[in-house]
Amino acid sequence: MKRISLLIGLVALIAQAQSPSDIRFNEISVVRDSSGMAVEQWIELYNTSCTAIDMQGLYISNDLSNLCKYRVPQGTYETQFQPRGFAVIDADGKAYNGPLHTPFSLDESAMVYLVQANGRVILDSVAVPQNGSMHRASNGAGEWSAIELPTKGYSNEKSSGVGNVEKFQQVDPYGGGIALISMSVVFS
């Protein structure tokens with residue numbers, strides 16, 4: 001009976017962990033040519049959780065009065081967000097170029113908002129740079145700063161020489177992951 005209760009609790013914990021609120025803006029870029037025309041505009045999202053999340057149905061908008069401007073498409077592999085993974089959406093106003101292109105462009109935007117599927121709750125927001133790229137100091141968290149070389153689709157964090165134990169402690173500070181691993185070994 002204890003095993004069944006523990007297993008039900010574990011399943012509930014995992015189901016709760018798969019939440020779109022674990023998705024954050026991670027990097028943003030507006031690159032202009034010598035005439036001032038925006039030639040590259042994109043937003044990078046980051047899944048802060050240790051579980052896969054389907055980001056379909058979330059919204060991205062550049063208008064606080066219309067938070068439902070762009071809906072992340074359903075039924076595409078690009079919306080399957082891997083644990084600690086990245087997704088890039090072109091915010092170029094060219095929605096006709098594919099499902100991961102927004103109908104608005106960043107060069108006409110001051111702010112960008114990531115909105116829950118209900119179209120009302122803002123999960124994250126970021127100011128749009130006029131020319132250049134910005135990223136968070138740590139993937140999915142921390143302060144925003146300007147950068148010279150974007151890391152589009154890759155980690156913002158530089159290798160720090162930190163060992164595996166320290167990295168695991170950063171990812172799993174409360175020991176939930178090691179507890180799950182231990183329980184799976186015991187129950188198998």
Side-chain angles (χ1 to χ4, degrees), residues 6-29 41-64 66-106 109 111-126 128 134-136 138-142 144 150-157 167-168 170-181 183-184:
L6 187 57
L7 189 57
I8 290 171
L10 181 61
V11 169
L13 179 66
I14 290 171
Q16 181 183 10
Q18 298 176 358
S19 169
S21 64
D22 291 325
I23 298 174
R24 297 278 183 262
F25 287 130
N26 199 48
E27 194 166 341
I28 187 168
S29 184
Q41 306 169 71
W42 50 266
I43 303 164
E44 179 187 78
L45 300 168
Y46 180 70
N47 177 0
T48 63
S49 76
C50 294
T51 59
I53 297 174
D54 190 340
M55 64 180 183
Q56 70 180 4
L58 294 179
Y59 291 97
I60 298 175
S61 181
N62 64 342
D63 184 355
L64 196 53
N66 179 6
L67 293 175
C68 300
K69 272 192 156 179
Y70 168 74
R71 185 179 177 126
V72 176
Q74 297 179 344
T76 176
Y77 74 92
E78 290 107 339
T79 67
Q80 305 303 312
F81 220 139
Q82 297 305 308
R84 307 277 185 204
F86 303 90
V88 177
I89 295 177
D90 290 304
D92 54 9
K94 299 177 182 174
Y96 54 83
N97 279 343
L100 295 181
H101 289 260
T102 64
F104 62 87
S105 62
L106 290 179
S109 308
M111 294 286 293
V112 180
Y113 307 95
L114 178 64
V115 182
Q116 265 186 356
N118 66 14
R120 293 184 307 269
V121 177
I122 296 173
L123 299 172
D124 201 4
S125 63
V126 61
V128 177
M134 294 176 51
H135 76 183
R136 291 182 185 236
S138 179
N139 290 319
W144 287 89
T151 58
K152 183 179 182 179
Y154 295 97
S155 177
N156 295 349
E157 299 170 6
K167 285 181 187 176
F168 194 80
Q170 289 173 351
V171 172
D172 187 22
Y174 301 106
I178 196 69
L180 288 174
I181 292 169
M183 287 189 310
S184 67

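Because the structure is predicted, anything quoted here is derived from the model rather than measured. For reference, positions follow the sequence shown, starting with 1. Below, all heavy atoms of this structure are taken into account, side chains as well, without hydrogens, waters or symmetry copies.
Annotation: the span from Phe86 atom CZ to Asn156 atom CG amounts to 6.5 Å, rounded to 0.5 Å. Considering OG1 of Thr51 and CD of Gln82, their distance stands at 10.5 Å, rounded to 0.5 Å. If you take CG on Leu123 and CG on Leu58, they are separated by 6.5 Å, rounding to the nearest 0.5 Å. Annotation: the span from Ile23 atom CD1 to Ser49 atom OG amounts to 8.0 Å, rounded to 0.5 Å. The OG atom of Ser21 sits 11.0 Å away from atom CG of Asp124, with the distance rounded to the nearest 0.5 Å. With rounding to the nearest 0.5 Å, the separation of OH in Tyr59 from CG in Asn66 is 10.0 Å.
Side-chain atoms of Leu45 and Phe81, non-hydrogen and from C-beta on, do get closer than 4.5 Å to each other. Side-chain contact between Trp144 and Ile28 is present, with at least one heavy-atom pair separated by less than 4.5 Å. Contact check for Trp42 versus Glu27: side-chain heavy atoms found under the 4.5 Å cut-off. Within the 4.5 Å cutoff, side-chain heavy atoms of Ile60 are placed close to those of Val112. Considering only heavy atoms from C-beta on, Asn97 stays 4.5 Å or farther from Asp90 through its side chain.
Not counting sequence neighbours, the partners of Asn139 by the side-chain hydrogen bond (donor to acceptor under 3.5 Å, both in side chains) test are Asn26, Ser155. For Lys69, the side-chain hydrogen bond (donor to acceptor under 3.5 Å, both in side chains) criterion is met by Asn62, not counting sequence neighbours.
What you find for Gly140 and Arg24 is that their closest heavy atoms are O-CG, 3.6 Å.
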